[in-house]
Amino acid sequence: MDIERIRELIAQMTLEEKAGLCSGADFWHTKTVERLGIPPMLVSDGPHGLRKQAEEGDHLGIHDSIKAVCFPAGCALAASFDRELLRAVGEALGNECQAESVGVLLGPAINIKRSPLCGRNFEYYSEDPMLAGELASAFIKGVQSKNVGTSVKHYLANNQETRRMSVSVEADERTLREIYLAAFETPITAAKPWTVMCSYNKVNGEYVAESKKYLTDVLRGEWGYEGFVVSDWGAVNDRVRDLKAGLELEMPFSGGASDREIVDAVKNGTLDEAELDEAAARMLTIIYRFSGNRDASAVFDREADHVLAREAAAETSVLLKNEGILPLQAGQKVAFIGQYAAEPRYQGGGSSHINAYRITSAQDAAPAGVIHVRGFEDKEDTLDPALLREALKAAAAAEVAVVFAGLPDAWESEGFDRPHMRMPASQNELIMKIAEVQPNTVVVLHNGAPVEMPWLENVKGLLEVYLAGEAVGGATVDLLYGKANPSGRLPESFPKKLEDNPSYLNFPGEGDSVFYREGVFVGYRYYDKKKMEVLFPFGFGLSYTTFDYSNLRLSASHIKDTESLTVTVDVTNKGSVPGREVVQLYVADKESTVIRPAKELRGFEKVLLQPGETKTVCFRLNKRAFAYYNSEIGDWHVETGDFDIIIAKSAAELVLTGTVHVESTVRLPRLYTADSIFLDIKKDEKALALVKPLLDRSMFGGEARSETEASAITPEMLAAMLDYMPLRSLLSFGGATPDGLEQLLGQMNNP
Ligand code: BGC
């Protein structure tokens, strides 16, 4: 329906009807206005499957929902580093929504993984905003290609579950822009989600739901957002204030109380009716976009989507260690050990919990002859001696033992954070003991976030499967036996221990405040800068083949910050099986006056290569690839200088480097004061020229210098001391009078 017709409709609506559109009718529907034929719209979680609740609704995954295909969770999808896969999963989900009359799928969830402990990390994508943003865009485009909306969430800075409804995130503007807002910026500008879900928490003391800055100025003003903003379920505190800030839809419902508040506010003049009309127009635009584009032929083909879920799981697992043990050979005597071989962990708890259609375990999919023993019960703290005995016997009798371990269901959920980064002690102990009797031990991990691995040195193989959805078992067996070649890469760093993580001292904060004191140094940005060893770096993942890189080419050696740079590199599959490589491009500012990460991910491409095949991978870098956020000018800024363009296999394995000189076209405004120091003045030729005569007259000038030659202070020492002196020292050390200094400042500020 076009906007003129929507405005005509709004003109016919009563105040009460317009206010009514701004909150839910029940847990999952918007309100209908029958007399005008305005249909209700159904929304459902999300993100990695359809949680459509038939009867009683809830937002914590308590009541049942329809049987639906559970795709790999966000942690795993992101590990694919594959835009095409995210798009395909999005398309399948969009089609499911059409078939089930769901107008908006409540996802993707893309909050930055600031700490490994966040309870919802399994739903989220990455510690890196570019990776999260690019993959989210592909997912959104996939869903929305089926004329179904998405709700990118939880905007903004909802990086922990502890006190999620009351905590205030205290972070500086640059950190928010470069890390936390950046994750949302690409999906919102490039993929145009129909809705954005506003988070529960506060940012710098103000609920995001009440923040005009984030909901209107940044979202609509800077990013051109045109959809509507929906509250997270129960995130509205002050309905009128939230509406004015830019929050159109309150969910779930308020029993009419909020609608009355809105009506009263219009009547008593505290809310302009035009603002309400605008909110209603945004709601109706989306409601009619869905109802006007229904696909009557859509069917929820659970079998077909299960097949896609299996393909996805094979692409999302990450091979972390392989000392000549994988792939397993047909006919080898193999023992599958562990509860998760029979009952895989494949999703997390809370609102994203899917009532899975069909779960396939590794045991179900294993080739004939593979032995399975239970090994452990994840609800028990200690190992059962009988299960242990059985497991050790099976391991010793086999040629290879594969232990299926990870985190129990109850440890990873929405609503609370993990207290530590360890796996259950019983599982660690089991792996150690198995490795003692069987040198050929492989571990398969089911978890939604990093864990410590005290047994890593003792095992020969490690496959990080994450929470890979209902078809995980078949995919895992394909990977173990080489029917599929692992191609996932870690979308987050795995620190050696929790204490190494940059947020450690400030997670989950004190009382209702959490200070993001690590600033932009999240994940690899921190480990890199500190040259700190991690268990596994960001971007890391092995393959059953090897890849060679050559021929790095940059389209120019000098560019202006208004121009773009094209980077190409050749990648060759040197092995004997087909494989997918993830080519990563990082940019490093070689010299900077601001404190910046050593390098930052600015491009990634996943390519499929047959044995011996070479492909050229191409990247295009624009100003943002070189820029940092300059809070003084409130904009992205590039400092003139050299930048390294690094092609890498992970944040820790750099393969080729080129250099480009980027020239800034923006002159930062400078305001000199009597407190400006000479070191800063020296960088500005014009200012220096103005200061020079006065400086020469001072005790730091020509005559004074020659005297120092005989003294203990060398001219170099004197120059170094001068660097940190403010202009006003010209008053104390000769060279200027108060009037002279004032005149000088006038000239310096208006050169
Ligand atoms: C979650 C959202 C979810 C909503 C509806 C909230 O508790 O934070 O992610 O979409 O409930 O279930």
Side-chain angles (χ1 to χ4, degrees), residues 23-30 41-66 68 70 73-75 77 93 97 100 102-113 118-125 132 136 139-140 143 148-167 169 183-184 187 193-202 207-209 227-237 247 249-254 347-355 412-417 448 467:
S23 68
D26 57 26
F27 233 86
W28 305 115
H29 292 89
T30 59
M41 185 173 72
L42 169 64
V43 302
S44 283
D45 287 307
H48 49 264
L50 197 53
R51 188 171 76 96
K52 180 182 167 186
Q53 288 192 314
E55 307 279 313
E56 250 183 303
D58 71 84
H59 63 306
L60 297 170
I62 300 166
H63 297 290
D64 250 0
S65 48
I66 60 164
C70 179
C75 57
L77 284 176
L93 285 165
C97 287
E100 291 291 332
V102 173
V104 172
L105 181 78
L106 301 175
I110 59 163
N111 293 95
I112 291 291
K113 298 184 190 205
C118 171
R120 290 184 93 168
N121 275 359
F122 73 88
E123 271 185 78
Y124 297 155
Y125 282 15
F139 179 91
I140 292 167
V143 175
V148 167
T150 53
S151 196
V152 65
K153 67 189 187 184
H154 310 84
Y155 177 77
L156 167 73
N158 180 183
N159 312 97
Q160 65 188 53
E161 291 299 282
T162 305
R163 296 175 184 253
R164 68 169 166 162
M165 297 183 84
S166 55
V167 76
V169 167
F184 287 92
W194 292 12
T195 83
V196 169
M197 191 187 292
C198 151
S199 62
Y200 289 123
N201 53 290
K202 299 176 185 171
Y207 280 110
V208 182
F228 69 73
V229 175
V230 52
S231 72
D232 198 345
W233 268 231
V236 164
N237 304 296
L247 191 152
L249 176 63
E250 170 184 6
M251 285 304 275
F253 52 87
S254 69
Q347 65 172 331
S351 63
S352 68
H353 197 89
I354 305 304
N355 182 4
E412 285 185 297
S413 170
E414 175 176 342
F416 54 89
D417 296 317
L467 300 181

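Just so you know, ligand 1 is whichever comes first in the structure, and atom 1 is the first atom listed for that ligand.
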Pair N159-C118, side chain to side chain contact (heavy atoms under 4.5 Å, CB included): steps then yes or no:
CA-CA 7 Å; N159 312 97; C118 171; 5.7 Å; no

Run H154 and R164 through side-chain hydrogen bond (donor to acceptor under 3.5 Å, both in side chains) and show every step you take.
CA-CA 11 Å; H154 310 84; R164 68 169 166 162; 5.8 Å; no

Given S151 and V230, is the side chain to side chain contact (heavy atoms under 4.5 Å, CB included) satisfied, shown in steps?
CA-CA 8 Å; S151 196; V230 52; 3.5 Å; yes

Test W194 against L105 for side chain to side chain contact (heavy atoms under 4.5 Å, CB included), laying out the working first.
CA-CA 10 Å; W194 292 12; L105 181 78; over 6 Å; no

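Summary of contacts: the protein heavy atom closest to atom 12 (O) of ligand 1 is D45 OD2, 2.5 Å. Closest to atom 11 (O) of ligand 1, if we only count protein heavy atoms, is H59 CB, 3.2 Å. Given atom 7 (O) of ligand 1, the protein heavy atom at minimum distance is E414 OE2, 2.7 Å. Among protein heavy atoms, the minimum distance from atom 4 (C) of ligand 1 is reached at D232 OD1, 3.5 Å.
Not close to ligand 1: E123, with no non-hydrogen atom less than 4.0 angstrom away. Within the structure, ligand 1 has W28 among the residues with a heavy atom less than 4.0 angstrom away.
Every atom of ligand 1 is numbered from 1 in the order shown, and the set under 4.0 Å from a heavy atom of R51 is 12 (O). The atoms of ligand 1 that sit less than 4.0 Å from any heavy atom of H154 are 2 (C), 8 (O), 9 (O). Which parts of ligand 1 touch M197 is read off a 4.0 Å heavy-atom cut-off, strictly below it: atoms 10 (O). Against a heavy-atom cut-off of under 4.0 Å, K153 is close to the following atoms of ligand 1: 2 (C), 3 (C), 9 (O), 10 (O). Below 4.0 Å from some heavy atom of R164 lie the following atoms of ligand 1, by number and element: 7 (O), 8 (O). With ligand atoms numbered from 1 in the order given, ligand 1 contributes 1 (C), 2 (C), 8 (O), 9 (O) to contacts under 4.0 Å with heavy atoms of R120.
What you find for N201 and V167 is that their closest heavy atoms are CB-O, 3.5 Å. Of all non-hydrogen atoms in E414 and S351, the two that sit nearest each other are OE1-OG, 2.6 Å.
Proximity of M251 to ligand 1, defined as any heavy-atom pair under 4.0 Å, is not found for any part of the residue.
To the nearest 0.5 angstrom, C97 atom SG is 8.5 Å from L42 atom CG. Put simply, CD on Q347 and CD1 on I354 are 6.0 Å apart, with the number rounded to the nearest 0.5 Å.
Judged purely by atom type and a 3.5 angstrom limit, N158 has no side-chain atom pairing as donor or acceptor with the backbone of N111.
The distance criterion of under 3.5 Å between nitrogen or oxygen atoms is not met by W233 with respect to ligand 1.
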